[in-house]
Structures are given as structure tokens and as C-alpha cells.
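For reference, the structure is listed below as C-alpha cells.
Counting starts at 1 for both ligands and their atoms, following the listed order.
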Amino acid sequence: MLFHNRKITVIPGDGIGPEVISAALKVIEATGVGIEADVQQAGASSFAKGVVSGVPRETIESIENTKVVLKGPLETPIGHGNKSANVTLRTLFETFGNLRPVRELPGVTTPFTGRKLDIVIVRENVEDLYTGIEYMQTPGVAQALKIISRTGCEKIVELAFEFAVAAQRKRVHCATKANIMKLTEGMLQHTFEEIAPRYPQIEAKHILIDNCAHQLAMRPEQFDVIVTTNMNGDILSDLTSGLTGGLGFAPSANIGNDAAIFEAVHGSAPDIAGKNMANPTAIILSAAMMLRHVGEGAAAHNIEQAVLVTLESGIRSSDMPGNSPATGTKEFADAIIANLGRVSSTEGPKDFRAVKISPASREVQASKVGSRQVTGVDVFIESRLQPAELAEALNDVIAGTTVNLQMIGNRGNTVYPVESERHVTLVDQYRCRFMKKDRNDNLSNAEILSLLTRVGEEHTWMHVEKLQQFDDVDAFSRTQK
Ligand code: NAP
């Protein structure tokens with residue numbers, strides 16, 4: 001996707017954001033590409049002014065106009081209070097794909113130096129647990145919803161393969177936890193396996209996420225491109241940046257159909273903010289990704305080469321190990337500017353084509369099925385009864401109805417019926433599974449409402465989930481025996 005409009009939205013952000021963004025803008029200017037910056041606010045300053053989302057209307061309008069953002073880190077209060085302004089931006093503009101490349105850099109010594117690491121994490125960026133839908137189901141039990149859609153999986157898998165083609169990569173791994181979360185993580189695996197044959201030139205492999213983390217620590221050079229779900233990608237990409245020198249060197253691009261946001265992987269690093277200590281490399285490399293995205297490939301190459309040449313010269317930022325005096329943020333950027341036009345002795349410019357992204361559809365996306373049936377219902381109940389006592393009480397409640405009590409679960413374990421005593425710590429949230437007695441018959445809404453009314457007369461229920469079959473296949477997880 002090329003943007004001929006050279007105006008970009010710039011969000012300086014919080015903490016070290018303004019310092020590193022200013023460094024990146026100076027470097028861009030020095031390449032002579034003539035990008036015009038529309039500087040807008042988001043994050044802590046906007047929260048302080050009472051903007052609940054952390055992203056003011058003017059900022060949103062600017063992005064709608066420019067479609068390209070260079071962004072500094074935005075602070076998010078941890079565990080309480082405001083929502084994340086980052087997540088607001090990503091979801092508002094549906095930047096569904098987060099590209100996080102890392103590579104071995106000259107002079108940046110790590111335990112992996114010499115292994116020529118060059119890995120790109122392609123992280124799904126808008127779904128998963130990051131939809132932030134959470135509930136306290138009882139005063140002591142919280143629930144988060146992990147939302148994964150077939151459409152979301154298709155978009156991220158296609159982006160991973162299209163990126164691999166554009167960047168002339170050889171291999172794409174899909175890292176999931178499909179062995180445990182068969183429906184959510186499994187959907188990414190299945191989508192990956194369906195789409196991979198369209199890219200015969202790229203080797204496609206599935207790997208379990210825990211093994212992927214292990215392999216990244218043991219033999220990271222086997223990886224090229226890794227596509228994964230949002231939370232897994234968040235964690236893995238910090239790991240891969242650690243393999244190659246740390247957050248100060250890790251750039252990223254948030255790619256969407258309507259806008260793209262370029263930012264360093266690191267946060268606002270409040271401990272070093274305002275001290276001219278931050279390493280600007282990550283945001284400068286993000287700026288290079290942005291220039292390539294807007295069709296300024298030559299300027300992007302120029303910046304990347306100048307970064308390599310600067311690091312080859314032995315310069316040291318505050319986050320690099322060593323005893324030589326650390327170079328400040330401004331001076332680091334000046335050194336890169338001085339090296340524009342030079343070619344690295346470590347690695348010359350890479351050939352890179354534009355990444356193809358399918359246009360977004362405004363239609364509601366729905367997968368087609370031949371048949372569907374509701375076979376039962378899970379009712380979540382708050383109770384201090386022991387499982388057998390609760391089962392007895394519920395069996396009394398449903399006597400004479402069209403459903404059976406099939407099982408009761410607590411914290412994912414089946415606690416009724418059980419063949420032997422269970423050594424589990426019980427909490428006051430039970431999942432009670434009721435199945436239609438006649439398995440060939442649909443459990444109607446009226447039957448479910450009648451069941452809830454009966455249960456609710458004696459127990460506290462707080463959540464209900466229909467148990468569906470699509471094309472005669474159970475569309476819900478089995479119980480853990
Ligand atoms: P962080 O800001 O990335 O900082 C962690 C540590 O990494 C810093 O204390 C610093 O280590 C080092 N560091 C990070 N960037 C550096 C750079 N450019 N140069 C030199 N050292 C650098 O992570 P955090 O402390 O977990 O998060 C702080 C805030 O940032 C939070 O509010 C968080 O929500 C937000 N955040 C925003 C984004 C984003 O906007 N995309 C991403 C992540 C976090 P030393 O202590 O060794 O100096």
C-alpha cells in the first residue's frame with residue numbers, strides 16, 4: 001500500500017517519547033524526503049485532560065487524513081484506571097498486524113552474537129485477550145474473554161506470508177497453544193495450514209508456543225518469520241528483542257488497511273526520561289519501516305545503512321554493555337545523520353518489495369455452516385456448596401425438564417461426577433453443564449430461559465453459554481476429566 005500524501009501524523013508520546021521522536025524526525029529530514037509532520041497528542045497528557053480513551057479527536061482526525069503515524073511510547077496505568085491509548089489507536093484504525101523485526105547488529109554484543117539472527121515476529125494486533133473484555137464473576141473470580149476470529153486469523157496469516165514474499169524470506173513458523181486452546185489458538189493453526197499452500201516458495205511450519213520460546217533461547221537462528229496471536233506475540237517479540245540487544249534496538253510497524261502506525265517496541269522508560277539517555281535506534285529503524293511503507297524505499301535503505309555504519313563505528317548507547325562513555329540520544333542521532341549515504345561493511349541494503357494487503361471489507365464477516373444445533377448450555381453459578389451438594393440441589397431444580405445435569409466444573413476441573421476424590425482447591429464459581437436429554441433435538445431459547453429461571457430461584461448464576469454444534473461437530477471445549 002503506497003501513500004502519495006507525504007504528511008504524516010507524529011505523536012511524541014510520554015517519557016522518553018519526545019526525545020527519541022525528535023531524534024527520528026531529524027534523521028528523516030536529513031534524508032531529504034520532505035515528510036511533513038502533523039504533531040498530535042495522545043497518552044498521559046490526554047488522560048490528564050480528561051480524554052477517556054487517551055486519544056483526542058484531533059489526533060484521530062489527523063490519522064484519518066494522513067493514514068501514517070510515527071508514534072512515541074504511551075504510558076498505560078497498570079492494573080487500574082484508564083484504558084490503554086495504544087490499544088485504542090490499534091483498534092480504532094484496525095492495525096491488525098504488528099511486524100517486529102530484530103537482527104544481529106554490529107557492535108551490539110549479546111550471548112548470540114555471531115549467529116546472524118534476523119527474525120520477524122508477525123503479531124496479531126487487535127484480537128485475543130487484548131480485546132480487554134473482563135468480568136468479576138464472583139467477588140473472588142475474574143474472567144477474560146479470548147476472542148479469535150477466522151477473519152482475524154486469515155488477515156494475520158496472509159500478512160505474514162505476504163511480508164515473507166516481499167522481504168524474500170524463506171520460512172514462516174506459526175506459533176500457537178493449539179494443544180490446550182483447540183478452538184481459539186487452534187483456529188490460527190488451521191488457518192495457517194490452509195493458507196500456506198498458496199505460498200509454495202515459503203516453508204511453513206507449526207510450532208507450539210512454549211517450544212518456540214525454548215527454541216528461541218536455544219537455537220534462535222532456525223527462525224525467520226513467526227506469526228502468532230496477540231498475547232503470545234507481545235511476549236515473544238520482547239524475547240526476540242532481548243536476543244539481539246534489547247528494547248532500544250527493536251522497531252515495529254502496526255499495519256492496517258486504513259492506517260499504519262510505526263513505533264519502537266519499548267515503552268516510555270520513565271526512569272531515564274528527560275536525561276538524553278534513551279537509545280533512539282528503535283524509533284529511527286521504525287521510521288525507516290515507515291518510509292518504506294510510504295514508497296520511500298531509498299531513504300529507508302539509507303537510514304538502515306547509516307544505523308549499521310554508526311554501530312560499526314563503536315558508538316555505545318546507554319543500554320549497550322561496555323565501559324566507554326555512553327552517547328546521548330541527540331548525539332546518537334547526529335552520528336547517524338553524519339553517516340547517511342555510507343554503506344555498511346556488515347550487511348548491504350536488502351531488496352524489499354511493497355507488502356500486498358487485501359482491501360478490507362465493510363461487510364460483516366461470517367463463516368457458512370450447513371447445519372447448527374444447540375445441544376446444551378453451561379450455566380456459571382456462584383455457590384459455596386460442595387460439588388455433590390450443588391449437584392443434588394440442581395438435580396432437584398431440573399426434575400421433570402428436558403435437560404440433564406452432565407457435569408460440574410470448578411477452575412477447569414470436573415468436580416462432579418468424579419470416580420475418586422479430587423484434590424483441587426474449590427472456589428465459589430461453578431460451571432454447570434446441562435445437556436438436552438434428546439440429543440437429536442434442539443435446546444430452544446424458551447427451554448434455556450425456563451432453566452435459568454428455575455436455577456435463579458435458588459442459586460446465583462452470572463453467565464450462560466450455549467453449547468452449539470456446527471455441521472454436527474461440537475463447537476465447545478470438552479470437559480477436563
Ligand atoms: P519500558 O518503558 O520499555 O522500559 C523498560 C526498561 O527498558 C527501561 O527502564 C530501560 O531500562 C529500558 N529501555 C527501554 N527503552 C529504552 C531506550 N530507548 N533506551 C535505553 N533503555 C531503554 O517498559 P516499562 O517500564 O514496562 O513500561 C513503562 C511504560 O511504558 C508503561 O506505562 C507501559 O504501559 C508503557 N509502554 C508503552 C508501549 C507503547 O507505547 N508501545 C510499549 C511498552 C510499554 P533501564 O532501567 O536499564 O534504563
Side-chain angles (χ1 to χ4, degrees), residues 10-24 27 40-48 53-55 59 69-93 95 98-100 102 105 108 110 121 123 125-126 130 132 230-231 233-242 244-254 260-287 289-290 307 311 315-322 326-333 336:
V10 173
I11 301 175
D14 304 320
I16 59 172
E19 296 162 73
V20 293
I21 284 282
S22 154
V27 173
Q40 296 289 342
Q41 301 305 314
S45 59
S46 304
F47 286 127
S53 68
V55 186
T59 306
V69 186
L70 184 65
K71 182 181 94 53
L74 305 178
E75 272 171 25
T76 309
I78 297 171
H80 62 88
N82 299 311
K83 288 211 145 211
S84 161
N86 288 310
V87 175
T88 301
L89 277 171
R90 283 175 206 159
T91 45
L92 263 181
F93 292 95
T95 53
N98 188 203
L99 300 180
R100 295 188 166 190
V102 297
L105 292 165
V108 185
T110 74
I121 304 282
R123 165 189 170 192
N125 216 20
V126 290
Y130 287 50
N230 202 342
M231 177 134 155
D234 194 4
I235 299 165
L236 271 200
S237 58
D238 267 33
L239 191 163
T240 50
S241 47
T244 48
L247 291 171
F249 295 96
S252 83
N254 300 283
I261 304 171
F262 298 83
E263 60 180 334
V265 172
H266 63 69
S268 58
D271 51 337
I272 55 168
K275 297 179 180 165
N276 192 37
M277 280 174 71
N279 179 355
T281 307
I283 192 73
I284 290 170
L285 290 176
S286 307
M289 291 175 85
M290 178 191 76
V307 167
L311 291 169
I315 200 165
R316 188 177 79 79
S317 55
S318 68
D319 55 343
M320 287 166 73
T327 306
T329 312
K330 287 191 193 117
E331 295 73 20
F332 206 101
I336 291 171

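Proximity to Asp319 (heavy-atom distance under 4.0 Å) selects the following atoms of ligand 1: 19 (N), 20 (C), 21 (N). Under a 4.0 Å criterion applied to the non-hydrogen atoms of Glu75, ligand 1 contributes the atoms 32 (O). If you number the atoms of ligand 1 from 1 as listed, the ones under 4.0 Å from a heavy atom of Pro73 come out as 39 (C), 40 (O). Close contacts of ligand 1 with Leu74, meaning ligand atoms under 4.0 Å from a residue heavy atom, involve 35 (C), 36 (N), 37 (C), 39 (C), 40 (O).
In this structure, Ala278 is part of the shell of residues with a heavy atom less than 4.0 angstrom from ligand 1. Under a 4.0 angstrom heavy-atom cut-off, Val265 registers as being in contact with ligand 1.
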Any chance you could lay out the side chain to side chain contact (heavy atoms under 4.5 Å, CB included) test for Met277 and Ile16, step after step, and finish with the verdict? CA-CA 9 Å; Met277 280 174 71; Ile16 59 172; over 6 Å; no
Could you go through Val10 and Val69, starting from their C-alpha distance and side-chain angles, then the distance that decides it, and tell me whether this counts as side chain to side chain contact (heavy atoms under 4.5 Å, CB included)? CA-CA 6 Å; Val10 173; Val69 186; over 6 Å; no
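No salt bridge links Glu263 with Arg100; every basic N to acidic carboxylate O contact stays at or beyond 4.0 Å.
Ser317 is linked by a side-chain contact (heavy atoms from CB on, under 4.5 Å) to Phe249, Asn279, Asp319, Met320, Phe332, counting only residues two or more places apart in sequence or in another chain. By the side-chain contact (heavy atoms from CB on, under 4.5 Å) test, Met231 pairs with Asp128, Leu129, Tyr130, Ile235, sequence neighbours left out.
Here Thr76 has heavy atoms under 4.0 Å from ligand 1 in both its backbone and its side chain. At a heavy-atom cutoff of 4.0 Å, ligand 1 is contacted by the side chain of Lys71 but not by its backbone. Counting heavy atoms under 4.0 Å from ligand 1, residue Ile16 touches it through the side chain alone.
For ligand 1, the polar-atom distance check finds no N/O of Met277 at less than 3.5 Å from any of the ligand's N/O atoms.
A distance of 11.0 Å separates OG in Ser286 from CG in Leu99, rounded to the nearest 0.5 Å.
Using modelled atom types, no side-chain atom of Thr95 and backbone atom of Thr91 make a donor-acceptor pair closer than 3.5 Å.
Using a 4.5 Å heavy-atom threshold, the side chains of Val108 and Thr244 count as separate.
In the candidate list Ala269, Ser252, Gly72, Ala326, Ala269 is nearest to atom 4 (O) of ligand 1, counting heavy atoms. Here atom 5 (C) of ligand 1 lies nearest to Leu247 when heavy atoms of Asp234, Val20, Asn279, Leu247 are compared. Closest heavy-atom approach to atom 9 (O) of ligand 1 among the candidates Asp271, Asn98, Ile272: Asp271.
Counted by atom type alone, Lys71 and Asn86 present one or more donor-acceptor pairs between their side chains at under 3.5 Å.
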